[in-house]
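Everything below concerns the one structure shown next.
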Amino acid sequence: MTYSGDTRVGGPADTRELADLTIAKLAVGPMDNNAYLLRCRRTGEAVLIDAADEADRILELVGDTGLARVVTTHRHQDHWRALAEVVGTTGARTVAHPADGGELPVSVDEPVEHGDRVRVGACDLAVIHLRGHTPGSIALRYDDPGGHTHLFTGDSLFPGGVGRTRSPEDFRSLITDVEERVFAAMDDATWVYPGHGADTTLGAERPHLPEWHARGW
């Protein structure tokens with residue numbers, strides 16, 4: 001079936017098959033968080049983005065083929081409630097930006113900065129630091145050699161706007177980073193996988209950037 005990204009808590013994962021990478025999206029927890037399991041089709045190695053909640057369902061999605069790493073997009077608790085259990089069960093290494101890593105319930109094995117890479121077997125993800133929602137929020141970019149770009153944005157970019165910020169300064173920081181490091185760097189076909197709810201594309205969101213600036217959130 002065609003991937004839509006429309007998932008619901010308690011329902012099955014929605015899976016997208018790319019040439020080299022499989023992306024499975026699972027909705028978990030009371031805040032409708034998204035957990036994404038990425039698996040290299042060549043090597044079988046898997047990486048999870050945000051062990052948000054419902055460790056049992058995440059571990060069922062991982063299955064018995066192992067988990068190499070868990071990337072946490074930022075320090076807010078709804079994105080790591082299942083982290084300790086998932087890591088304890090699988091032995092996966094933990095990945096996060098150092099500005100947020102100290103708030104996580106487990107130590108960070110692989111601190112990452114803007115421009116670093118996270119391996120998924122024979123594939124890799126580029127780390128994009130998006131400052132504003134939290135100091136260490138990151139997005140992860142995968143450039144499909146046979147298709148378009150896929151961007152996992154945590155809570156920094158959603159359909160309809162950037163993530164919540166706590167001050168005008170934080171909003172200016174986030175909107176600037178999103179414009180310069182996301183919209184200016186990627187084309188309209190880029191598929192956006194956010195930390196909650198439905199997916200979108202940069203093409204769907206780009207016309208609304210002036211509105212986001214004007215409203216200030």
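Rounding to the nearest 0.5 angstrom, the gap separating the CD atom in E45 from the SG atom in C123 is 9.5 Å. Distance check: R16 CZ to D199 CG gives 7.5 Å after rounding to the nearest 0.5 Å. Rounding to the nearest 0.5 Å places OG1 of T190 at 7.5 Å from CZ of R206. Residue D14 holds its CG atom at 8.0 Å from NZ of K25, rounded to the nearest 0.5 Å.
Of the possible donor and acceptor atoms, one in the side chain of T201 sits under 3.5 Å from a partner among the backbone N and O of A204. Distance alone, capped at 3.5 Å, places no donor-acceptor pair between the T90 side chain and the G66 backbone. In terms of modelled atom types and a separation under 3.5 Å, the side chain of T94 and the main chain of S107 share a donor-acceptor contact. Counting only distance, with no hydrogens or angles, the side chain of Y36 and the backbone of P194 share a donor-acceptor pair below 3.5 Å. A donor-acceptor pair under 3.5 Å links the side-chain atoms of D116 to the main chain of E113, judged by distance alone. The closest donor-acceptor contact from the side chain of R57 to the backbone of G11 lies under 3.5 Å. Side chain of R41 to backbone of L18: a donor-acceptor contact under 3.5 angstrom is found.
Remark: E205 engages no residue in a salt bridge (charged side-chain N to carboxylate O under 4.0 Å, His left out) (not counting sequence neighbours). Remark: R164 engages no residue in a side chain to side chain donor-acceptor pair (under 3.5 Å) (not counting sequence neighbours). Shown here are the side chain to side chain donor-acceptor pair (under 3.5 Å) partners of S137, two or more places apart in sequence or in another chain: T134. With sequence neighbours excluded, no residue forms a side chain to side chain donor-acceptor pair (under 3.5 Å) with T165. Qualifying side chain to side chain contact (heavy atoms under 4.5 Å, CB included) partners for E211, counting only residues two or more places apart in sequence or in other chains: H208. Evaluation of the ring pair (Phe, Tyr, Trp, His ring centres under 6.0 Å) rule for H76 yields H74, H133 as partners, not counting sequence neighbours. With sequence neighbours left out, the side chain to side chain donor-acceptor pair (under 3.5 Å) criterion links D78 to N33, H196. For D155, the salt bridge (charged side-chain N to carboxylate O under 4.0 Å, His left out) test picks out no residue, with sequence neighbours left out. Annotation: salt bridge (charged side-chain N to carboxylate O under 4.0 Å, His left out) contacts of D124 (sequence neighbours excluded): R117, R119.
When only modelled atom types and interatomic distance are considered, D50 and T73 share a side-chain donor-acceptor pair under 3.5 Å.
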Starting from the C-alpha separation in whole Å, work towards a yes-or-no answer on side chain to side chain contact (heavy atoms under 4.5 Å, CB included) for I23 and F152. CA-CA 11 Å; I23 301 168; F152 303 87; 3.9 Å; yes
Could you give me the CA-CA distance, side-chain angles and deciding distance for D53 and R81, then say whether salt bridge (Lys or Arg N to Asp or Glu O under 4.0 Å) is met? CA-CA 5 Å; D53 211 329; R81 286 194 181 105; 3.7 Å; yes
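Screening residues 138-153 for salt bridge (charged side-chain N to carboxylate O under 4.0 Å, His left out), with sequence neighbours left out, gives R141-D143.
Taking each heavy atom of A99 and R75 in turn, the nearest pair found is O-NH1, 3.9 Å.
Under the side chain to side chain donor-acceptor pair (under 3.5 Å) rule, D177 has a single partner from H129, R172, R131, which is R131.
As a member of the Ile/Leu/Val/Met/Phe/Trp/Tyr network built from side-chain separations under 4.5 Å, I175 groups with I128, L130, L151, L157, V162, F171, L174, V178, V182, F183, M186, V192, L202, L209, W212. Hydrophobic cluster of I58: the remaining members, joined at side-chain heavy-atom separations below 4.5 Å, are L26, V28, L37, L48, L59, L61, V62, L67, V70, W80, L83, V86, V87, L104, V106, V108, listed by chain and number.
Counting heavy atoms of neighbouring residues, nucleotides and ligands inside a 6.0 Å radius, atom CZ of R166 does not exceed 12 of them. Counting heavy-atom neighbours within 6.0 Å of E60 CD, excluding the residue itself, gives a total of 12 or less.
Aromatic ring pairs are classed by plane angle as parallel below 30°, tilted from 30° to 60° and perpendicular above 60°; the pair H150 and Y142 is tilted.
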